[in-house]
Trainee: 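Just passing along the structure, written as structure tokens.
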Amino acid sequence: MKKMVSVLAAACLVVLVCGCNSPKPILGAGVFDSRGIPQKKYLVGGGLEVDYEVPVDGTVYWVEEHSGRILISESLEEGDSFQQSLPLELELIKLFGEDNAANQKMSLYFVPNPVEKEKTE
């Protein structure tokens, strides 16, 4: 019996420390694809320079598409602007390596916060 309890405790510890290997966040199920970036329906722009005013509270994600790497994620409130530009040449090489620097495809996604249902009294 002690051995079984020890094994269960060890298994629980492993799950707590390592977590589950799930490609989608539990709270964001249906928002993110298998790579962990927002689905295409949340795509609002792209390029090496972006300027986007958010229509409602939510989170913007600036993503390099080929690698699926999220460079920036930022929570914003309605009316806030997200402005970024990726430094050219030298910074691209630092971020992605010399062979991949010229082949980057940057995309901007906006995921609105879930709308809370109002309680009727």
Side-chain angles (χ1 to χ4, degrees):
M1 181 72 169
K2 279 186 172 181
K3 190 174 185 178
M4 184 184 295
V5 171
S6 296
V7 169
L8 285 174
C12 288
L13 183 61
V14 167
V15 170
L16 286 174
V17 171
C18 299
C20 297
N21 189 12
S22 174
K24 295 179 185 175
I26 294 170
L27 295 176
V31 173
F32 299 92
D33 68 14
S34 62
R35 298 184 305 160
I37 63 173
Q39 293 183 15
K40 293 293 181 195
K41 67 182 180 180
Y42 297 106
L43 183 66
V44 294
L48 297 178
E49 189 171 325
V50 292
D51 184 359
Y52 180 71
E53 184 176 320
V54 299
V56 295
D57 294 357
T59 305
V60 292
Y61 298 87
W62 202 24
V63 176
E64 196 292 305
E65 288 291 340
H66 297 299
S67 67
R69 185 172 162 187
I70 296 174
L71 297 179
I72 297 173
S73 66
E74 186 176 334
S75 295
L76 297 170
E77 295 179 352
E78 180 179 346
D80 287 349
S81 288
F82 177 80
Q83 298 174 334
Q84 286 292 328
S85 61
L86 193 61
L88 299 177
E89 206 69 47
L90 201 51
E91 292 300 317
L92 284 172
I93 291 170
K94 284 182 190 175
L95 283 171
F96 301 107
E98 195 166 344
D99 294 336
N100 297 319
N103 300 320
Q104 301 312 305
K105 179 182 178 196
M106 306 301 296
S107 297
L108 184 68
Y109 296 88
F110 175 71
V111 178
N113 290 345
V115 176
E116 294 184 26
K117 294 181 181 177
E118 293 183 23
K119 294 181 182 178
T120 55
E121 295 181 40

Trainee: Work out which heavy atom in S73 is nearest to a heavy atom in T59; give both atom names and the distance.
Mentor: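 In this case the closest contact between S73 and T59 is CB-CG2, 4.4 Å.
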Trainee: Tell me which one of Y52, F110, F32 satisfies ring pair (Phe, Tyr, Trp, His ring centres under 6.0 Å) with Y61.
Mentor: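 Answer to the ring pair (Phe, Tyr, Trp, His ring centres under 6.0 Å) test with Y61 among Y52, F110, F32: F32.
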Trainee: Taking side chain as C-beta onward, heavy atoms only, is D80 less than 4.5 Å from E74?
Mentor: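 They are not in side-chain contact.
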Trainee: For V56, is there any backbone N or O sitting under 3.5 Å from a side-chain donor or acceptor partner on E77?
Mentor: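 No; judged by distance alone, with no hydrogens or angles, the pair does not exist.
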Trainee: Which distance, rounded to the nearest 0.5 Å, do you find between the CE of M106 and the CG of L71?
Mentor: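 Between M106 CE and L71 CG, I get 4.0 Å after rounding to 0.5 Å.
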Trainee: Please report the shortest heavy-atom distance between W62 and V50, naming the atom on each side.
Mentor: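 Smallest heavy-atom distance, with atoms named: NE1-CG1, 3.8 Å.
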Trainee: Of all the heavy-atom pairs spanning I37 and G68, show the shortest one and how long it is.
Mentor: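 I37 and G68 have their closest heavy atoms at CG2-O, 3.4 Å.
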Trainee: Give a yes or no on whether the backbone of G30 and the side-chain of Q39 come within a donor-acceptor separation of less than 3.5 Å.
Mentor: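 Yes.
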Trainee: The criterion is salt bridge (Lys or Arg N to Asp or Glu O under 4.0 Å); which residues satisfy it with E65, sequence neighbours excluded?
Mentor: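 Salt bridge (Lys or Arg N to Asp or Glu O under 4.0 Å) check on E65 returns R35, K40.
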Trainee: How long is the straight-line distance from OG of S75 back to CZ of F82, given to the nearest 0.5 Å?
Mentor: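 It is 11.5 Å, given to the nearest 0.5 Å.
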Trainee: Between the side chains of D51 and Q83, does any donor sit under 3.5 Å from an acceptor?
Mentor: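 Checked: D51/Q83 side chains pair up, N/O donor to acceptor below 3.5 Å.
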Trainee: Nearest heavy-atom pair of Y109 and P38: which atoms, and what distance?
Mentor: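 For Y109 and P38, the tightest heavy-atom pair comes out as CE2-O, 3.5 Å.
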Trainee: Supply the atom-to-atom distance S107 OG to Y42 OH, rounded to the nearest 0.5 angstrom.
Mentor: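 Answer for the OG-OH pair, S107 versus Y42, is 16.0 Å.
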